[in-house]
Amino acid sequence: MRRKLVVGNWKMNGNRRANAELLAGIEEAGPFVADVAVCAPFPYLSEVALSLQGDKHIGWGGQDCSSHEAGAYTGEVSAAMLAEFGCKYVIVGHSERRAYHAESDQLVADKAKIALAHKLIPIVCVGETLDEREANRTDKVVKRQMSAVIHTLGHCISQIVVAYEPVWAIGTGKTATPEQAQAVHGLLRTQLHAATPKSGEMQILYGGSVRPDNAAVLFSQPDIDGGLIGGASLKAADFTAICRAAA
Ligand code: 13P
């Protein structure tokens with residue numbers, strides 16, 4: 001039986017006071033049946049770590065990492081640095097990184113690889129744009145994105161978390177229907193099955209306008225193992241309701 005996982009992706013939101021309130025609200029509502037984590041902006045990670053270090057139930061992580069080990073890469077943050085601050089997870093290949101920073105499938109795969117080398121769990125995001133969906137290219141696009149990671153990680157692919165985030169559902173209020181999401185999750189599971197005997201143990205999260213009122217039905221689909229939550233992860237009441245929906 002796979003455990004459910006709910007991860008808050010704060011994106012470029014928050015400040016020290018708001019973060020402290022949010023974390024206090026999450027801790028107060030826990031512990032949860034599901035695994036829970038928050039992915040905070042880099043400058044706040046040490047405070048998040050301090051605030052959550054006594055709480056074994058809530059993990060934390062970064063929203064990106066460099067594909068390089070160390071060196072002259074101004075502005076980048078390494079997987080080793082995230083690991084040093086107690087991160088358990090790191091999101092890689094979020095569609096906002098792919099779109100605004102021109103991250104390629106191979107770069108995303110390289111980031112996942114270096115994350116694993118530093119004992120972080122990469123949360124690898126895949127997902128199609130609205131144009132791609134309307135052109136019936138969803139399957140092709142997510143398979144291509146996943147395939148780069150499978151080829152780069154080999155048998156270690158079983159150690160990642162996958163997040164299916166249809167780009168048209170992110171921050172738009174347009175959630176994929178449970179059937180639409182399940183169809184892609186099932187496809188990804190089949191693709192992973194060809195790469196690892198452990199595909200049945202891997203967590204595949206759904207992301208894109210998950211809210212307290214739609215979380216439970218999404219999470220009840222056979223191949224949806226929790227969520228990657230954007231907007232709703234910034235309010236303790238909403239985020240914890242979603243965490244509880246992942247029972
Ligand atoms: P929203 O939940 O705001 O749609 O964002 C989803 C997302 O991009 C999480 O990574």
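Order of appearance sets the numbers: ligands from 1, and atoms from 1 within every ligand. Position 1 is the first residue of the sequence, and the numbers go up from there.
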How does Ala169 reach ligand 1, if at all, at less than 4.0 Å between non-hydrogen atoms: by side chain, backbone, both, or neither?
backbone

Counting heavy atoms only, which part of Asn9 comes closer than 4.0 Å to ligand 1: side chain, backbone, both or neither?
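Looking at Asn9 and ligand 1, just side chain atoms fall under 4.0 Å.
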
Shortest protein contact, atom 2 (O) of ligand 1 (heavy atom only)
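Nearest protein contact, heavy atoms only, for atom 2 (O) of ligand 1 is Gly230 N, 2.9 Å.
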
Which heavy atom of the protein is the closest neighbour of atom 3 (O) of ligand 1, given with residue, atom name and distance?
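For atom 3 (O) of ligand 1, the nearest protein heavy atom is Gly231 N, 2.8 Å.
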
Atoms of ligand 1, numbered as shown, that sit under 4.0 Å from any heavy atom of [X]:
X      : answer
Gly171 : 1 (P), 3 (O), 4 (O)
Glu165 : 6 (C), 7 (C), 8 (O), 9 (C), 10 (O)
Gly208 : 4 (O), 6 (C)

Verify, without hydrogens or angle tests, whether Gln145 (side chain) and Gly127 (backbone) share a donor-acceptor contact under 3.5 angstrom.
yes

Short question: side chain of Arg189, backbone of Ser199 - any donor-acceptor pair under 3.5 Å?
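Judged by distance alone, yes, a pair lies under 3.5 Å.
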
So for atom NE2, which belongs to His68, do other residues, nucleotides or ligands contribute more than 12 heavy atoms lying within a distance under 6.0 Å?
yes

Checking the N or O distance criterion of under 3.5 Å, is ligand 1 in contact with His94?
yes

Run the side chain to side chain donor-acceptor pair (under 3.5 Å) test on Trp168 and Glu128 for me, step by step, so that the C-alpha distance in whole Å, both residues' side-chain angles and the decisive distance to 0.1 Å come before the verdict.
CA-CA 8 Å; Trp168 49 271; Glu128 82 287 3; 2.8 Å; yes

Could you give the distance from OH (Tyr44) to SG (Cys39), rounded to the nearest 0.5 Å?
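Reported value, rounded in 0.5 Å steps: 16.0 Å.
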
First locate atom CD1 of Ile26, then atom OG1 of Thr240, and finally report the distance between them rounded to the nearest 0.5 Å.
7.5 Å

Quick one: which of Thr196, Asp225, Val161, Asp223 gives a side-chain contact (heavy atoms from CB on, under 4.5 Å) with Met202?
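In the set Thr196, Asp225, Val161, Asp223, the residue that makes a side-chain contact (heavy atoms from CB on, under 4.5 Å) with Met202 is Thr196.
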
Does ligand 1 have any atom sitting under 4.0 Å from a heavy atom of Lys11?
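Distance cut 4.0 Å: Lys11 passes for ligand 1.
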
